[in-house]
Structure formats: C-alpha cells, structure tokens
Amino acid sequence: MSETINTVELGEKIVRVLKTVYDPEIPVDIYELGLIYDVFVNDDYEVKVLMTLTTPNCPVAETLPVEVEEKIKTIEEVKDAEVEITFDPPWSQELMSEEAKLELGLL
C-alpha cells in the first residue's frame with residue numbers, strides 16, 4: 001500500500017514557501033500578487049508550478065523561477081520542483097489579492 005499524499009498539508013507548505021518570494025519591484029509576495037496560476041503535485045512528490053510574471057520582459061524573468069524552484073525543493077516531502085512560465089492569460093492587477101491591493105494603495 002502506497003502512502004497517500006496529504007495534498008492539503010503539502011499545498012499549505014508550498015503556499016507558505018511561495019509567500020517568501022517577492023517581486024523585486026513590488027513589496028508584495030508573488031502569491032498575493034497573483035503570479036501563481038496553479039500548483040500540481042504528482043504521486044512522486046514532484047511539484048510543478050505554473051506561474052506568470054508581471055511583464056514578459058520582467059527583469060527577474062531568469063532568476064525568479066529558479067528561486068521558486070529552489071525554495072519549494074527545501075520542503076522535506078518534495079522530491080523535485082519545476083516552474084513553468086506562461087503569459088496566457090497575461091497578468092493584471094485583477095489577479096492580486098485584496099491584501100496586496102490594500103498594501104499597494106489600490107483599494
């Protein structure tokens with residue numbers, strides 16, 4: 001019998017880690033900014049993150065996905081992590097959490 005993945009618990013750990021990654025131009029973490037579109041975990045505890053950037057020519061386009069991968073890999077249960085960048089749909093302020101909008105004075 002294989003061990004069942006506690007996806008809720010692991011998902012919460014992944015979100016906590018994502019909330020430690022910040023867009024260098026905006027003082028809000030990438031999760032609250034709405035840059036994370038989806039997180040997948042397979043039976044081998046490999047994590048795939050589908051995310052976007054605020055703009056296609058974002059200055060951290062090369063480093064931010066690597067930082068996200070490295071931080072997710074620090075979670076004990078995670079065996080591997082991969083980040084896929086997409087611009088479909090393009091990021092907009094509507095994707096930001098209320099908390100992020102408040103922090104940036106958009107509410």
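Keep in mind it's a predicted model, so treat the numbers as computed, not measured.
A continuous path of ILVMFWY side-chain contacts below 4.5 Å connects Val15 to Tyr37, so both sit in one hydrophobic cluster. Both Ile36 and Phe87 sit in one connected hydrophobic cluster of ILVMFWY residues. Membership requires side-chain heavy atoms under 4.5 Å apart, directly or through other members. By the criterion of side-chain heavy atoms lying less than 4.5 angstrom apart, applied directly or through intervening Ile, Leu, Val, Met, Phe, Trp or Tyr residues, Val83 is not grouped with Tyr22; the two fall into different hydrophobic clusters.
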Intermediate values then yes/no, side-chain contact (heavy atoms from CB on, under 4.5 Å), Leu18 and Asp29: CA-CA 7 Å; Leu18 292 172; Asp29 69 76; over 6 Å; no
Test log, rule side-chain contact (heavy atoms from CB on, under 4.5 Å), inputs Asn42 and Phe40: CA-CA 7 Å; Asn42 70 15; Phe40 307 95; over 6 Å; no
Full working for side chain to side chain donor-acceptor pair (under 3.5 Å) between Ser97 and Glu99: CA-CA 5 Å; Ser97 69; Glu99 185 181 312; 5.4 Å; no
Check against side-chain contact (heavy atoms from CB on, under 4.5 Å), Leu53 and Asp23: CA-CA 9 Å; Leu53 301 168; Asp23 183 303; over 6 Å; no
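Atom CG of Asp44 has more than 12 heavy atoms from other residues, nucleotides or ligands within 6.0 Å. Heavy atoms from other residues, nucleotides or ligands lying under 6.0 Å from NZ of Lys48 number 12 at most.
Inter-residue side-chain proximity for Lys73 and Glu70 is flagged as met; some heavy-atom pair is nearer than 4.5 Å. Counting heavy atoms from C-beta outward, Ile75 and Val47 have side chains that stay 4.5 Å or more apart. Between Ile85 and Met51, the closest side-chain pair of non-hydrogen atoms falls below 4.5 Å. Looking only at side-chain heavy atoms (C-beta outward), Leu10 and Val78 come within less than 4.5 Å of each other. Counting only heavy atoms from C-beta outward, the side chains of Leu35 and Leu95 never approach each other to under 4.5 Å. Residues Trp91 and Met96 form a side-chain contact, since some pair of their non-hydrogen atoms from C-beta on lies under 4.5 Å apart. At least one side-chain heavy atom of Leu64 sits less than 4.5 Å from a side-chain heavy atom of Glu67.
Put simply, the side chain of Thr52 gets close to the backbone of Thr86: a donor and an acceptor are under 3.5 Å apart. In this structure a side-chain-to-backbone donor-acceptor pair under 3.5 Å is missing from Lys71 to Val21. Not a single donor-acceptor pair under 3.5 Å links the side chain of Tyr31 to the backbone N or O of Val17.
Taken to the nearest 0.5 Å, the CG atom of Leu104 stands 9.0 Å off from the CG atom of Leu102. Here the straight-line distance linking atom CD of Glu103 with atom CD of Glu32 works out to 8.5 Å at 0.5 Å rounding. Note that CD of Gln93 is 10.0 Å distant from CG of Leu33, once rounded to the nearest 0.5 Å. From Glu98, atom CD reaches atom CG of Leu106 across 10.5 Å, with rounding to the nearest 0.5 Å. Separation of atoms CD (Glu69) and CG (Asp80) is listed at 8.0 Å; rounding is to 0.5 Å.
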